[in-house]
Amino acid sequence: MNNEYGFPAIGEVAKELFTCAGFLPTKNDPLGIIRSETEKKSIQTRLRRLASESSELRKNLDQLLGLFEELTRETTGSERLAHTVRESITDALEQYRDLIRTQISHLSKQETLRFMLLTSISERVILSYQKNALIFNVKATGYQFPSDRTWWLPSFDKEDIQWPLAKALQWVYETVETNQTRFHFPNHGVHEDHRLHQNYENAWRWTSNKRFPSLTAILTNIDESVEAMRVAENVDYQREVSPHQKNNFRTVLAIARFTTAAFQKIEKAYGREVLCAISETLRKQDRRLRRNHKRFEQNLNRKLIANNVRSAQAVDNAWELTTREFWKNRSDNLIAGAQQLAHLQKTDSVPSEKIPKFKVYIRFLGIHGAYSVILNEAHVKEIYPPQTFVESLQAGLWLKNHAHSLSEIDKLEDTIKRNGDEGLRWITEWARATRLYRKEQYSEAAEHFKRAFELGKYSAGQSQYKLVNQYIEICAKVQNWEEFKKGVAWAKYLGFSTRLLREREETEKSLRSVYEQYQLVVYPIL
């Protein structure tokens, strides 16, 4: 069943990550950077399993993230960067799961994603990467990056957009002190070389935004261009690029390709205005966090020097432990500040004027956290459900436990359709299911529980906890083992505890035990 309301599914998010990174094979690049047909089929199978949300959902996701880490390592030549990327994605997905668990959405997937891009996703991406770059001491790679701190963002000039990939390529040319032609085809004008000429033309198309390259095309082009410069006939165009510097170039270009792909998708889906807003948020939040981290880095470096910490392992350990401690304290302070701020808001003690209110937010949350709240407030009206939605939701939750006749549910369903609140279809299906459950008509109830569960996934917020637990129970009662396992896997992955199973491991034995118990127990209150 295709649910077009609420948050995008985890499988959809994972696929987009692989697509933007360039790790998925394409028609013109059948294997990509994947080495064999077997590996290609393996990644496609894992993505399909994740998309279908079958049992072992977390295991499937962990396998994909492990593969993403391996491909990042192969692309960048850096273990540190691979770990940083993996942990940053893990952090962001945990925040995403928290949103899914707690937030009801009446919007389409596209509009729900638009709101997240304008608010929570942007700052979480920045925070996760900066934090993990410190934890894994990415600076120890010795890699250099463009002097413009936000080179990985699009730049806007009247009607034109300069994408990160074009900026990254220009930085590569400047770094080796040559131009685009001589970088890709150093013997140009001396003799013809079809392959190098093609590399130059392709690079020109990429920087001119006339074609978007596969990751393989970029990496192959860089490798061949570096070798061509090394053996160039004219010494003026010879350049010696070390393996370390080549990996540096590959890293910058891989990042630029990823962000260019992501931002071009955003522009296509939502237009330039939204793209500008998201870019500006990323730019400002990146700058604010860098300021905080700069002081932290300076203090830690002074301590390392003062304590004569020199071994690479000891330095790495210091960066990891100190950064984790810094962010634990920061998180504790944010929670405490948010609680104090919530108390002030309840007593109407927060100024309504923009500047004074912002100052209060800064006092309790810091400038980064304050900006996040202000940003959320600026867009919250866009997603706040209409009064008809709220009233129908409340009515549906009451009917779920008290409906005696179908006519009551039919009436609510007609109201929902009339008001255009289609994102609430799960609540009437749920009410139908619980009514049949109380009458012990489990086979009939199972059909409605399944529809309610599928429609409410990623949109029913906190109600998903009860809904998925009741769905799991009814699957056991009608002896649908496969759907039972899928329900348990989804609940555990999203962080919802499962009745009877709770924190026990998802083994065949434990699942079978719970499956059999559910066939016997009846819960009078739903």
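In this text, all values refer to a predicted model and were calculated from it rather than measured experimentally. Heavy atoms only: backbone and side chains are in, while hydrogens, waters and symmetry mates are out. In this chain, residues are counted from 1 in sequence order.
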If the threshold is 4.0 Å, N to carboxylate O, is there a salt bridge linking [X] and [Y]?
{"X": "Lys486", "Y": "Glu482", "value": "no"}
{"X": "Glu473", "Y": "Lys477", "value": "yes"}
{"X": "Asp98", "Y": "Arg101", "value": "yes"}
{"X": "Arg512", "Y": "Glu516", "value": "no"}

* To do: Please state whether the rings of Phe326 and Phe296 are parallel, tilted or perpendicular, taking 30° and 60° as the class boundaries.
  => tilted

* Give the ring-plane orientation class for Trp481 versus Phe484, where under 30° counts as parallel, over 60° as perpendicular and anything between as tilted. => parallel

* To do: Check step by step if side chain to side chain donor-acceptor pair (under 3.5 Å) holds for Ser513 and Gln517.
  => CA-CA 6 Å; Ser513 173; Gln517 290 178 68; 3.2 Å; yes

Return the [atom1] to [atom2] distance between [X] and [Y], rounded to the nearest 0.5 Å.
{"X": "Asn292", "Y": "His368", "atom1": "CG", "atom2": "NE2", "answer": "8.5 Å"}
{"X": "Ile43", "Y": "Phe18", "atom1": "CD1", "atom2": "CZ", "answer": "4.0 Å"}
{"X": "Thr119", "Y": "Ile374", "atom1": "OG1", "atom2": "CD1", "answer": "13.5 Å"}
{"X": "Leu57", "Y": "Leu50", "atom1": "CG", "atom2": "CG", "answer": "5.5 Å"}
{"X": "Ile126", "Y": "Asp286", "atom1": "CD1", "atom2": "CG", "answer": "4.5 Å"}
{"X": "Glu280", "Y": "Arg283", "atom1": "CD", "atom2": "CZ", "answer": "5.5 Å"}

* To do: Could you tell me which residues satisfy ring-ring contact (aromatic ring centres under 6.0 Å, His included) with Tyr173, sequence neighbours excluded, listed by chain and number?
  => Phe183, His184

Residues [X] and [Y]: side-chain donor-acceptor under 3.5 angstrom:
{"X": "Asp91", "Y": "Asn132", "answer": "yes"}
{"X": "Glu94", "Y": "Thr90", "answer": "no"}
{"X": "Arg124", "Y": "Ser128", "answer": "yes"}
{"X": "Ser105", "Y": "Thr112", "answer": "yes"}
{"X": "Ser372", "Y": "Gln285", "answer": "yes"}
{"X": "Tyr458", "Y": "Glu12", "answer": "no"}
{"X": "Glu53", "Y": "Asn60", "answer": "no"}

* Asked: Where the side chain of Thr76 meets the backbone of Ser78, is there a donor-acceptor pair that is under 3.5 Å apart?
  -> yes

* Distance-only, no hydrogens or angles: does the Asn221 side chain make a donor-acceptor pair with backbone N or O of Ala217 under 3.5 Å? -> no

* To do: Any pair with a residue in residues 76-99 that passes ring-ring contact (aromatic ring centres under 6.0 Å, His included), sequence neighbours left out, goes on the list, sorted by first then second residue, please.
  => His83-Phe136

* Asked: With a cut-off of 6.0 Å (strictly less than), are more than 12 heavy atoms of other residues, nucleotides or ligands near CD of Gln298?
  -> yes

* Residue Tyr384 excluded, over 12 heavy atoms near OH under 6.0 Å -> no

* If every non-hydrogen atom of Trp152 is compared with every non-hydrogen atom of Pro164, which pair is closest and at what distance? -> O-CG, 3.1 Å

* To do: Heavy atoms only: give me the nearest Leu153-Ser279 pair and the separation to one decimal.
  => CD1-O, 3.7 Å

* Asked: How about Phe263 and Trp163: are their ring centroids closer than 6.0 Å?
  -> no

* Ring centres under 6.0 angstrom apart (Trp490, Phe453) -> yes

* So among Asp316, Val85, Ile135, which one has a side-chain contact (heavy atoms from CB on, under 4.5 Å) with Arg80? -> Asp316

* **cation_pi(Arg97, Tyr493) dist<6.0 Å, angle<=45** => yes

* To do: Please say whether the positively charged group of Arg272, taken as NZ for Lys or CZ for Arg, lies over the ring of Phe156, i.e. under 6.0 angstrom from the six-membered ring centre and within 45 degrees of the axis.
  => no

* **For Leu321, side chain to side chain contact (heavy atoms under 4.5 Å, CB included) partners two or more places apart** => none

